[in-house]
Amino acid sequence: MIVFDKVSKVFGEGEEKVAAVKEVSLEVEKGDIYGVIGFSGAGKSTLIRCVNLLERPTTGKVLINGEDITEFPPAKLRDKRKNIGMIFQHFNLAETKTVFANVAIPLQLAKVPKEEVKTKVTELLEFVGLGDKADQYPDQLSGGQKQRVGIARALATSPEILLCDEATSALDPQTTDSILKLLKKVNRELNITILMITHEMHVIRQICNKVAVMENGELIESGSVFDVFSKPQARTTRNFVNSVMQDDIPQSILNMLAPEDKNSTLYRILFEGGLAGKPVLSSIARKYELDVNVLHGHITELQDKPFGNLIVQFYGPEENIRKATAEIGENLIIKEVERNGD
Amino acid sequence: MEIDWSTFWVRVWDATLETLLMTGFSLFFAALLGIPIGIALVVTRKGGLFQNNITFTITNTIVNIFRSIPFIILMVAIIPFTRFVVGTSIGTAAAVVPLVVFAAPFIARLVESSLLEVSPGIIEAAESMGATPWQIIFRFMVPEALSSLILNLTIATIGIIGASAMAGAIGGGGLGDLAIAYGYQRFHTDVMIVTVIILVLLVQGLQMAGNRFSQAIRRR
């Protein structure tokens with residue numbers, strides 16, 4: 001659907017040259033909700049703007065349905081843009097126009113007959129849950145409502161792709177949730193492929209099926225959300241995953257350990273998918289006659305599957321612990337916990 | 001010689017009409033020239049929709065040059081041009097020409113500043129919808145800036161009224177002419193006071209109307 005082929009973007013010239021995006025290759029498939037995460041300045045904003053050429057890549061290609069849009073003449077590109085909706089962090093609504101008029105703009109630009117515009121806009125406002133706000137002005141709406149108008153406007157031309165530029169970053173957590181639910185509905189019911197950028201990992205966790213991590217203009221990691229969350233490779237990715245999985249052991253729990261256990265090995269066990277429902281831990285512990293102390297844990301849902309991790313401590317003979325962890329490792333991911341110097 | 005107010009009011013009334021006429025025509029033509037120039041200044045600048053360094057630099061410089069010439073000097077300096085356009089260099093019609101030359105660059109600057117206030121985000125959204133550059137200008141930038149444009153055009157109108165008073169110096173007619181000919185040169189303080197009061201009322205009225213109109217557009 002969307003393919004970035006070694007896309008680079010350089011701003012400025014000479015000494016002030018800054019490479020915002022460096023040779024990024026990425027494929028978004030039809031039906032995906034693809035999230036790109038990174039700190040501010042990582043280049044993700046520039047990257048998403050390369051999809052509709054609000055920013056033109058310095059080198060590399062951007063293919064949409066197999067066509068390299070960087071070679072499109074202006075008129076063809078404008079046509080293509082009608083097939084790619086976009087929503088923004090600060091909504092970018094026309095302040096002097098009503099909600100209705102805002103959603104109608106793309107249709108008017110496309111010279112859709114007036115009656116049709118009315119039907120379509122009314123339908124869209126119903127879809128985003130703003131049926132009763134048609135005659136209000138943006139400054140009478142809350143942030144979440146404004147973003148709903150933005151979504152309705154982006155969907156007006158029935159695009160195949162929706163680009164979300166930090167669409168929830170200016171919203172409070174509850175509103176973020178409701179907007180994410182709406183985006184999921186857009187993806188499922190209207191079958192629209194979504195590419196979103198964000199700096200919030202919980203946004204990725206909540207609705208994305210794939211994720212890419214950017215740092216300093218480079219793509220450092222990408223894959224299914226499940227894989228990246230369960231086996232993050234790069235340090236930045238691990239930090240992002242930690243930010244929502246809370247799998248750092250709280251100091252208070254470490255303090256509770258008996259003095260003789262302070263240096264004993266702690267294990268992190270990752271549960272994923274169906275196994276999260278089975279009593280793996282207790283049955284293995286019984287088999288090797290070990291006592292298990294669960295120190296900390298967190299189970300959540302990723303892409304509608306349970307996912308989580310437990311921090312445990314085993315009591316028993318060294319040999320048995322070794323065997324037990326090996327057996328657990330056959331089905332689950334088990335790692336020794338690094339305790340940073342304390 | 002005393003002024004006979006029973007007949008002099010007619011002179012005052014005529015002068016007021018002349019001022020309004022001069023201002024109206026000047027505003028119309030100055031806006032006709034100034035608005036496109038202002039738009040050009042916005043769209044040809046770096047990062048604009050029709051970025052063009054040469055056009056921008058030339059336009060910008062010309063606007064600055066005309067903006068820096070004092071009106072009274074401009075008025076005299078372009079007399080040959082005025083004569084070429086209206087056939088004479090004296091009278092109300094002749095005063096309109098220098099007023100337009102004076103006000104057009106002023107309006108261009110005001111339009112430029114109004115349009116620059118439009119958030120780049122809205123322009124980006126327009127681009128993402130596949131709007132053409134012309135659609136972006138006339139369907140997004142101008143409507144979003146309209147309220148501020150009206151306030152700025154009010155400022156320009158008041159500027160023109162002020163400048164038109166100086167047109168009295170070349171026999172342009174209007175309230176300024178009256179104030180200079182009677183109030184200043186013949187020491188009729190009462191005429192001076194009356195013209196000033198009328199000018200104050202005019203400016204007050206215009207500013208109020210401009211504010212109202214601008215407010216009305218900002219909110220529905």
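These numbers come from the heavy atoms of this one structure, side chains and all, not from hydrogens, waters or symmetry mates. Convention: sequence-line order gives letters A, B, ...; per-chain numbering from 1.
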Would you find more than 12 non-hydrogen atoms of other residues, nucleotides or ligands less than 6.0 Å from B:Q204 atom CD? no

Relative to chain A, which segment of B:S147 carries a heavy atom at a distance below 4.5 Å: side chain, backbone, both, or neither? neither

B:E144 side chain vs A:E95 backbone, donor-acceptor pair below 3.5 Å: yes

Between B:I122 and A:L93, the two heavy atoms sitting closest are CD1-O, 3.2 Å

If you count the non-hydrogen atoms of other residues, nucleotides and ligands that lie under 6.0 Å from NZ in A:K185, is the total more than 12? yes

If you round to the nearest 0.5 Å, how far is CD1 of A:I105 from CZ of B:R139? 9.0 Å

Nearest heavy-atom contact between A:L109 and B:A131 is CD1-CB, 3.6 Å

Does NZ belonging to A:K184 count more than 12 external heavy atoms closer than 6.0 Å? yes

Contacting moiety of A:Q108, where chain B heavy atoms sit under 4.5 Å: both

More than 12 non-hydrogen atoms from neighbouring residues, nucleotides or ligands closer than 6.0 Å to CZ on B:F213, yes or no? no

B:E127 versus chain A, heavy atoms under 4.5 Å apart: side chain, backbone, both or neither? both

Is the CZ atom of A:F11 crowded by more than 12 outside heavy atoms at less than 6.0 Å? yes

When heavy-atom pairs shorter than 4.5 Å are enumerated against chain B, which of A:K97, A:R78, A:R49 gives the highest number? A:R78

Counting only heavy atoms not in B:F138, do more than 12 fall under 6.0 Å of its CZ? yes

For residues B:S128 and A:F88, report the shortest heavy-atom separation together with the two atoms involved. OG-CZ, 3.9 Å

Considering the options A:R153, A:K82, A:R81, which one meets the side chain to side chain contact (heavy atoms under 4.5 Å, CB included) requirement together with B:M129? A:R153

Should the heavy atoms of other residues, nucleotides or ligands under 6.0 Å from CZ of B:F50 be counted, would the total exceed 12? yes

Atom CZ of B:F25: over 12 foreign heavy atoms under 6.0 Å: no

Between CG on residue A:N92 and OG on residue B:S119, distance to nearest 0.5 Å: 5.5 Å

